[in-house]
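Let me begin by presenting the structure, written as structure tokens, before commenting on it.
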Amino acid sequence: MRLIFLGPPGAGKGTQSERLLRYLRIPHLSTGDMLRSAIAGRTPEGAKAEEYMSAGQLVPDPIILDMVGARLEQPDCAAGALFDGFPRTLGQAQALDDYLQSHGRPLDLVLELRVPDEAVIKRLSGRGRTDDRPEVIAERLRAYWSQTRPLTDYYTQRGLLETIDGIGSPDEVFERIKNAVDKRRGSGPRRSPPSSR
Ligand code: ADP
């Protein structure tokens, strides 16, 4: 299965993608994680990306697309992928579509985790990452609403979008996600095997 996880920073994508990965057993493609590891590895792309990330702005598409393209070439991605934090711009979405189409690997589902800004700000303030300072959070939210949120229309038009209410306990939210995923797989909710007679 190939799916995209969309949602503002602090919506709980991290917690929920961990669960979803365990449930679906597919590779995790988190561009945020890739970028942080490029920074830690002191690569030239990492240094460039850090300038944008520390300001709460999106890293330019070419850097992101090279990184994701390289990852998608690895054999494990043939079986599926959870795209987390990617695509974040219309350009990235179109590039991903082109790639997947030319490889005969269509997208199955786009999950939008919806959480109001006030809740996001409260959640992020407790996290302690360097880009979680209030001014940077505000900028990241602006970037989300102006550049990433428009992707929901793009994927609605393609019949791929499912919006998930991100308010509730992690278990409650995951239940909603699981339902959306199961519906798309056409398998219905998973049941435990019938008890033996
Ligand atoms: P969050 O969802 O909390 O913002 P991420 O780890 O997904 O956390 O992203 C952290 C930062 O990395 C973003 O603010 C942005 O600067 C950069 N980034 C991550 N993914 C992308 C992407 N697909 N396109 C552009 N910038 C990205």
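Whatever order the structure lists them in is the order used to number ligands and atoms, beginning at 1.
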Legend entry - Heavy-atom closest contact (Pro106 atom, Arg2 atom, distance):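 Taking every non-hydrogen atom into account, O-NE, 3.1 Å.
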Inset, instruction - Give the minimum heavy-atom separation between Ala11 and Val115, together with the two atoms involved. - result: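 The answer is O-CG2, 3.8 Å.
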Inset, instruction - Number the atoms of ligand 1 from 1 as they appear, then name those within less than 4.0 Å of a heavy atom of Arg36, with their elements. - result: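 Taking each heavy atom of Arg36 in turn, ligand 1 has 6 (O), 10 (C) under 4.0 Å.
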Legend entry - Numbering as shown, the atoms of ligand 1 that approach Leu35 to under 4.0 Å (heavy-atom distance):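 Result: 12 (O), 17 (C), 18 (N), 19 (C), 27 (C).
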Legend entry - Test side-chain hydrogen bond (donor to acceptor under 3.5 Å, both in side chains) applied to Asp131 and Tyr52, step by step: CA-CA 10 Å; Asp131 56 353; Tyr52 293 89; over 6 Å; no
Legend entry - atom 20 (N) of ligand 1 - nearest protein heavy atom and its distance: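 Answer, as residue, atom name and distance: Thr31 OG1, 2.8 Å.
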Please classify the [X] to ligand 1 contact at 4.0 Å (heavy-atom distances, strictly less than): side chain, backbone, both or neither.
X	result
Leu124	neither
Val59	both
Gln57	backbone

Inset, instruction - Consider ligand 1: state whether an atom of it lies below 4.0 angstrom from any non-hydrogen atom of Arg129. - result: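 Yes, Arg129 has heavy atoms under 4.0 Å from ligand 1.
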Inset, instruction - Check if Arg127 has a non-hydrogen atom at a distance under 4.0 Å from any atom of ligand 1. - result: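 Checking ligand 1 against Arg127, which is what was asked, there is a heavy-atom contact under 4.0 Å.
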Inset, instruction - Ignoring hydrogens and angles, state whether a donor on the side chain of Thr152 or Glu112 is under 3.5 Å from an acceptor on the partner side chain. - result: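 There is no such pair (donor and acceptor under 3.5 Å, judged by atom type) between the side chains of Thr152 and Glu112.
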Legend entry - Polar side chain donor-acceptor pair, Glu73 to Tyr99, under 3.5 angstrom: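 The answer is yes; a qualifying pair exists.
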Inset, instruction - Return yes if some donor-acceptor pair links the side-chain N/O of Arg127 with the main-chain N/O of Arg123 below 3.5 Å, else return no. - result: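 Not confirmed, Arg127 side chain does not pair with Arg123 backbone.
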Legend entry - Side-chain donor/acceptor of Gln16 to backbone N/O of Gly12, under 3.5 Å: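 A pair under 3.5 Å: no.
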Inset, instruction - Give yes if a backbone or side-chain nitrogen or oxygen of Asp33 is under 3.5 Å from a nitrogen or oxygen of ligand 1, and no if not. - result: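 For ligand 1, there is no N or O atom that lies under 3.5 Å from one belonging to Asp33.
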Legend entry - Heavy-atom nearest option to atom 11 (C) of ligand 1, drawn from Met67, Met53, Gln92, Arg123: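 Result: the heavy atom closest to atom 11 (C) of ligand 1 is in Met53.
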Legend entry - Among Glu139, Arg88, Lys13, Arg140, closest by any non-hydrogen atom to atom 5 (P) of ligand 1: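 The option holding the nearest heavy atom is Arg88.
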Inset, instruction - Could you tell me whether Arg19 sits above the aromatic face of Tyr23, with NZ or CZ closer than 6.0 angstrom to the six-membered ring centre and within 45 degrees of the axis? - result: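 No, a cation-pi geometry is absent between Arg19 and Tyr23.
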